[in-house]
There are 2 protein chains.
Amino acid sequence: MQDYRYQSLHQFLKSQILHGVYEDGDLLPSENELSQFHKLTRTTVRQALSELQKEGYIVKQKGKGSIVNIRRKRLGLLSFKGFSEVIGHSDQKVSNTVLSGPLLQNWPKDFFYDLNALEKSARCIYLKRIRSVNTDPVMLEETYLPNQNLEGLIGKKLIKGSLFSTLILQYQIEVNSMDQDVRAIKANAHLAKTLSLNENDPVLHIYRKYGTSRPGYFIYSSLYFNTENYAIGSYFK
Amino acid sequence: MQDYRYQSLHQFLKSQILHGVYEDGDLLPSENELSQFHKLTRTTVRQALSELQKEGYIVKQKGKGSIVNIRRKRLGLLSFKGFSEVIGHSDQKVSNTVLSGPLLQNWPKDFFYDLNALEKSARCIYLKRIRSVNTDPVMLEETYLPNQNLEGLIGKKLIKGSLFSTLILQYQIEVNSMDQDVRAIKANAHLAKTLSLNENDPVLHIYRKYGTSRPGYFIYSSLYFNTENYAIGSYFK
DNA sequence: ATATTTAACCTGTATGTACAAGTTATCACT
DNA sequence: AGTGATAACTTGTACATACAGGTTAAATAT
């Protein structure tokens with residue numbers, strides 16, 4: 001991997017975007033400038049930009065340029081989108097509370113996905129968060145990360161309060177796929193209390209397994225939504 | 001639109017695939033053959049194939065060719081995928097029963113999405129279906145299509161039992177985007193009966209608005225899932 | 001007969017060039 | 001001041017060519 005020139009440029013530009021060299025809405029250098037500076041044909045530069053476009057890091061506009069797109073809105077809640085974008089676009093205030101910081105523990109027995117031997121032997125980093133809209137708790141999220149080469153994550157404060165931002169900037173782990181199961185369940189006592197519901201009220205439940213740019217490394221989440229007042233919106237194209 | 005050579009070839013190949021000239025797993029003519037036959041450069045042919053690839057109509061394999069991919073599995077249930085693929089891949093038998101065939105009627109009052117004047121004036125084609133796995137009813141779907149230039153659809157039998165297949169083959173209407181709201185609700189008496197549940201059991205409910213290749217034309221659906229035995233799986237990358 | 005090499009095909013990467021077409025700021029004209 | 005043409009950018013499309021590297025089946029050697 002990483003043998004080709006367009007891939008090098010692709011990674012170079014992605015890294016610059018992720019490290020804030022360009023801000024949301026900024027223009028990348030033009031294709032001609034990039035080809036001149038990196039000594040590549042415009043065709044090759046265009047291939048690198050095309051990759052960035054596929055990943056949602058830039059939007060191209062004819063006659064104008066390549067526009068950096070930090071908040072990638074191409075997918076919905078049921079994909080990778082951050083929570084603030086799920087409800088977002090209105091004037092709602094979304095907040096994020098960590099109930100249990102990143103801490104090392106054993107895997108729960110009867111874990112919701114099958115783990116391989118490597119994952120089992122690694123123990124897991126556990127994270128429990130609540131997300132609220134205008135003080136109403138809307139989502140409870142429990143995240144489980146196999147403790148493989150994640151030195152320093154335990155107990156650490158997350159960058160921008162986001163686990164995904166922390167993983168990509170500190171560990172170069174990028175989430176690039178997701179498998180999920182969605183169900184409607186009845187709230188038990190604990191869920192009812194946490195999400196301000198009555199027992200047996202309907203709750204939206206999602207199990208997720210995230211694939212990452214680190215081969216064989218997966219992240220697991222269990223999400224519970226109070227959908228009484230806020231539906232879970234998502235958009236696909 | 002449609003002024004460029006790669007777009008013509010793209011549409012030509014897509015049409016051939018949709019009309020069954022190639023079956024699932026077949027190889028398209030090679031890039032050299034296509035460029036020779038259509039008098040285009042391989043670069044241009046590759047651009048057309050790249051579009052087909054983005055849309056999921058083909059999968060390319062180095063050294064082998066472009067493999068036709070009829071069942072497009074790139075998106076999950078929560079996207080455009082057909083129901084049979086949602087549960088699919090196991091040995092489950094999925095069946096589809098039309099409760100109320102395509103029939104013309106007025107829009108329900110308090111329709112779940114805001115309609116524009118054109119849609120309101122057109123009345124709607126209504127379709128009510130149940131989908132089952134091994135005789136267990138799993139999903140109730142109500143679909144509403146504005147009656148605009150859809151002569152002949154009312155009362156007609158659907159091609160391959162699929163509304164989307166019928167629309168693309170008969171009317172060249174292709175669904176290309178979707179907006180949805182997901183909730184967990186309590187089953188009312190009618191839902192409980194239809195989906196073999198008890199009243200007040202949790203039900204997964206989805207409102208959908210589909211965008212199509214016909215500008216300004218949208219399709220609306222309301223879906224109810226019994227997720228007691230089958231979760232709604234979906235995969236994204 | 002079986003294993004191995006080879007040749008013919010395929011897609012992927014890369015260079016170089018040319019013109020079409022959208023965007024924007026500047027300049028000239030009214 | 002305001003309008004409109006222009007020039008200098010930008011990305012998009014399309015051509016032609018070359019070689020790298022994966023796949024497959026036929027030719028060759030064992």
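Labels below follow one simple rule: chain letters A, B, ... track the order of the sequence lines, proteins then strands, and each chain is numbered from 1.
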Quick tally for nucleotides 21-27 of chain C: nucleotides whose base has a protein heavy atom under 4.0 Å get B, sugar-phosphate-only ones S, the rest -, giving SBSS---
Residues at least two apart in sequence or cross-chain that pass side-chain contact (heavy atoms from CB on, under 4.5 Å) with Thr227(A), listed by chain then number, are Leu204(A), Phe225(A), Ile232(A), Arg183(B), Ala184(B)
Fill in: Tyr207(B) ring center near His205(B) ring center (under 6.0 Å)
yes
Hits for side-chain hydrogen bond (donor to acceptor under 3.5 Å, both in side chains) against Asp114(A), two or more places apart or cross-chain, chain-then-number order -> none
Contacts of Phe218(A) meeting ring pair (Phe, Tyr, Trp, His ring centres under 6.0 Å) (sequence neighbours excluded), chain-then-number -> none
Students should find that the nucleotides of DNA chain D closing off the region near chain B, any atom under 4.0 angstrom from a heavy atom, are dT13(D) to dT24(D)
Separation of dC10(C) atom P from Ile67(B) atom CD1, nearest Å, is 14 Å
Next item on the list: May I ask you to check whether Tyr217(B) and Gln148(B) show a side-chain donor-acceptor distance below 3.5 Å?
Entry: no
CG of Leu40(B) to CD of Gln47(B), rounded to nearest 0.5 Å, is 10.5 Å
Sorted by chain and number, sequence neighbours left out, side-chain contact (heavy atoms from CB on, under 4.5 Å) with Arg46(A) holds for Glu31(A), Arg42(A), Lys60(A)
May I ask you to decide whether Glu174(B) forms a salt bridge with Arg214(B), counting only side-chain N to carboxylate O separations under 4.0 Å? no
Contacts of Ser121(B) meeting side-chain hydrogen bond (donor to acceptor under 3.5 Å, both in side chains) (sequence neighbours excluded), chain-then-number -> none
Asn32(B) atom CG is separated from dC10(C) atom P, nearest whole Å, by 6 Å
Rounded to whole Å, the CD-P distance (Gln36(B) to dC9(C)) equals 12 Å
One would report the end-axis bend of the helix from dA1(C)-dT30(D) to dT30(C)-dA1(D), five pairs per end and rounded to 10 degrees, as 0°
From OH of Tyr6(B) across to P of dA20(C) the rounded distance in Å is 17 Å
With sequence neighbours left out, the residues meeting side-chain contact (heavy atoms from CB on, under 4.5 Å) with Leu104(B) are Arg123(B), Ile125(B), Asn147(B), Ile154(B)
- Query: Do Tyr144(A) and Tyr126(A) have ring centroids that are under 6.0 Å from one another?
  - Reply: yes
Applied to residues 16-37 of chain B, the ring-ring contact (aromatic ring centres under 6.0 Å, His included) test, sequence neighbours excluded, yields none
Expected list for residues 37-47 of chain B near DNA chain C, using heavy atoms below 4.0 Å, is Arg42(B), Arg46(B)
Hits for side-chain contact (heavy atoms from CB on, under 4.5 Å) against Arg129(A), two or more places apart or cross-chain, chain-then-number order -> Asn96(A), Val98(A), Leu127(A), Arg131(A), Glu141(A), Thr143(A), Leu158(A), Leu163(A)
